[in-house]
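What follows is one structure encoded as structure tokens, with my remarks underneath.
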Amino acid sequence: MKLTILGGGGFRVPLVYGALLGDHADGRVTHVVLHDVDAGRLRAIARVLAERAAGVPDAPEVTATTDLDEALRGADFVFSAIRVGGLEGRADDERIALAEGVLGQETVGAGGIAFGLRTVPVAVDIARRVARLAPDAWVINFTNPAGLVTEAMSRHLGDRVIGICDSPVGLGRRVARVLGARPAEAWVDYVGLNHLGWVRGLRIAGRDELPRLLADPVLLGSFEEGRLFGADWLRSLGAIPNEYLHYYYFNREAVHAYREAGRTRGAFLRDQQAGFYAGVADPAVPALELWDRTRAEREATYMAENREAAGAGEREAEDLSGGYENVALALMRAIARDERATLILNVRNRGTLAALDGDAVIEIPCLVDAHGAHPVAVDPLPGHATGLVCAVKAVEREVLDAARSGSRAAAVKAFALHPLVDSVNVARRLVDGYTAVHPGLAYLR
């Protein structure tokens, strides 16, 4: 079975390959094709993978190419993990937004809109090529903003593109752990958009244990989201929000913390990864060892500004090992082998949330089998959550319209309507600032 990874020179690719090394069942991946526009990054990651596979019998063959059509042709699965504009682009997104006093995070607010505007045209081109060159392939989208990009690709691939994110999986795992349950035995009632969802219940042996958690301030203070949001606010919500909702519920504090930081997250990762790729270019440097050290630092500093603003402390050791690669592999196995699984995924709504149309991509528990991912029926969201989901989905639709039409006015509208921008004048300045520095936004007119 052939797996193509787009963005194959990306830093987190060894996590995916490492998960593949532990799979020795029939129907496993035998050939991994790495595609990237940067040949140097491809060589660096290929070195890490070669060291990781050393001594592993029947390790999947790895090839690398900068030819997109060659990479896609004959693929059974395509993992899309591209970053249009690179980490330099992310750093610019953050810097320009913060200069206007608004959030520049890569998936939330102004930064997410800017990233989406330059990513969607590339993602749509990929979707069209997959439909032509590998029509039977399943596309698993890692590319952020994951819900927006998945929806853009679904207009050309239908339900054969599925978006994934490890954030709701990690949240469900932490809640189950605090309640003394094995995550595999718990049903997580989670719904929303990517990076905008809530755990509303956690059933163990048919009993919802979330009320017990919400009533216990000691338990609430024992895991990351409890410390991040505070026990009183979680009890007010009656739910546990995805960590990214900290940017909404504590927006002023988050913006202040980001403006006070010495470097933005994008600038930190840009500099950190520049050091990694430069180091791996030296054949005398152990590539896997350097990658592992760099990864550990990356995970430990994730959302550090938010945790500092909330006084939430350091991340727990159990949350430093990633996770999105395991979601991707579980999804792939369920489809390829008809091994039925329940996973939280980004898929088309299909009437699951009445407030949104059927083609809107949402993040929700799905039953997965050989025919793809099927969203599970859920109760409606409360009014405050429905309002936020509808507002952000409306912004996503404006981004898609701007990417399709090249309309600068639609891009301004997307920024202006976002709850974390809320100013037409700021929106206009953001579009001016982003188009001035990003070649990928030259299409806006």
Side-chain angles (χ1 to χ4, degrees), residues 1-23 28-54 56 59-68 70-72 75-87 90 106 119 122-123 126 137-144 146 149 162-166 269-270 272-281 285-299 302 320-333:
M1 190 162 65
K2 175 180 174 180
L3 167 63
T4 294
I5 302 179
L6 307 181
F11 182 79
R12 294 206 289 179
V13 168
L15 292 170
V16 175
Y17 190 68
L20 290 173
L21 292 177
D23 185 6
R28 68 188 182 91
V29 171
T30 56
H31 184 197
V32 176
V33 178
L34 307 179
H35 171 269
D36 206 288
V37 296
D38 188 324
R41 289 169 66 95
L42 278 176
R43 286 191 297 271
I45 294 302
R47 272 199 69 202
V48 176
L49 301 193
E51 291 187 17
R52 190 151 202 177
V56 178
E61 175 191 3
V62 176
T63 58
T65 180
T66 56
D67 185 321
L68 179 56
E70 176 188 338
L72 292 175
D76 297 291
F77 286 87
V78 177
F79 288 0
S80 180
I82 62 173
R83 179 174 288 282
V84 180
L87 287 170
R90 176 175 175 177
E106 69 166 336
T119 302
V122 179
I126 289 169
W138 290 87
V139 177
I140 300 177
N141 178 56
F142 298 72
T143 299
N144 278 326
V149 172
I162 300 168
I164 69 166
C165 180
D166 60 348
L269 292 176
R270 176 198 62 200
Q272 184 204 47
Q273 291 193 22
F276 163 75
Y277 285 103
V280 175
V285 171
L288 179 58
E289 181 182 323
L290 178 58
W291 175 83
D292 205 39
R293 287 202 309 270
T294 308
R295 181 199 61 80
E297 182 186 29
R298 173 193 175 110
E299 295 296 337
Y302 175 69
L320 299 180
S321 57
Y324 85 116
E325 69 281 1
N326 296 321
V327 182
L329 268 292
L331 172 58
M332 186 171 67
R333 291 183 187 116

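In this text, all values refer to a predicted model and were calculated from it rather than measured experimentally.
- Checked by atom type and distance alone, the side chain of R52 never pairs as donor or acceptor with a backbone atom of L288 at under 3.5 Å.
- In this structure, L72 and I126 approach most closely via the heavy-atom pair CD1-O, 4.5 Å.
- No more than 12 heavy-atom neighbours from other residues, nucleotides or ligands sit within 6.0 angstrom of CZ on R43.
- The aromatic rings of F276 and F11 stand perpendicular to each other, their planes meeting at an angle above 60°, with 30° marking the opposite boundary.
- Take R41 and apply the side chain to side chain donor-acceptor pair (under 3.5 Å) test, not counting sequence neighbours, and it matches Y277.
- At a cut-off of 3.5 Å, with distance as the only test, no side-chain donor of T66 or H35 sits close to an acceptor on the other residue.
- The closest donor-acceptor contact from the side chain of T30 to the backbone of M1 lies under 3.5 Å.
- With sequence neighbours excluded, no residue forms a salt bridge (charged side-chain N to carboxylate O under 4.0 Å, His left out) with E70.
- Under a 3.5 Å cut-off, the side chain of D36 and the backbone N or O of G9 do form a donor-acceptor pair.
- Atom CH2 of W291 and atom CD of E51 lie 12.0 Å apart (nearest 0.5 Å).
- Closest heavy-atom contact between G8 and I45: O-CG2, 3.5 Å.
- R270 pairs by the side chain to side chain donor-acceptor pair (under 3.5 Å) definition with E88, not counting sequence neighbours.
- When atom types are taken as modelled, the side chain of Y17 and the backbone of P60 share a donor-acceptor pair closer than 3.5 angstrom.
- Remark: the backbone N or O of A71 is paired with a side-chain donor or acceptor of T4 at under 3.5 angstrom.
- In this structure a side-chain-to-backbone donor-acceptor pair under 3.5 Å is present from R47 to V280.
- For E106 and R83, the salt-bridge test passes: some basic side-chain N is under 4.0 Å from an acidic carboxylate O.
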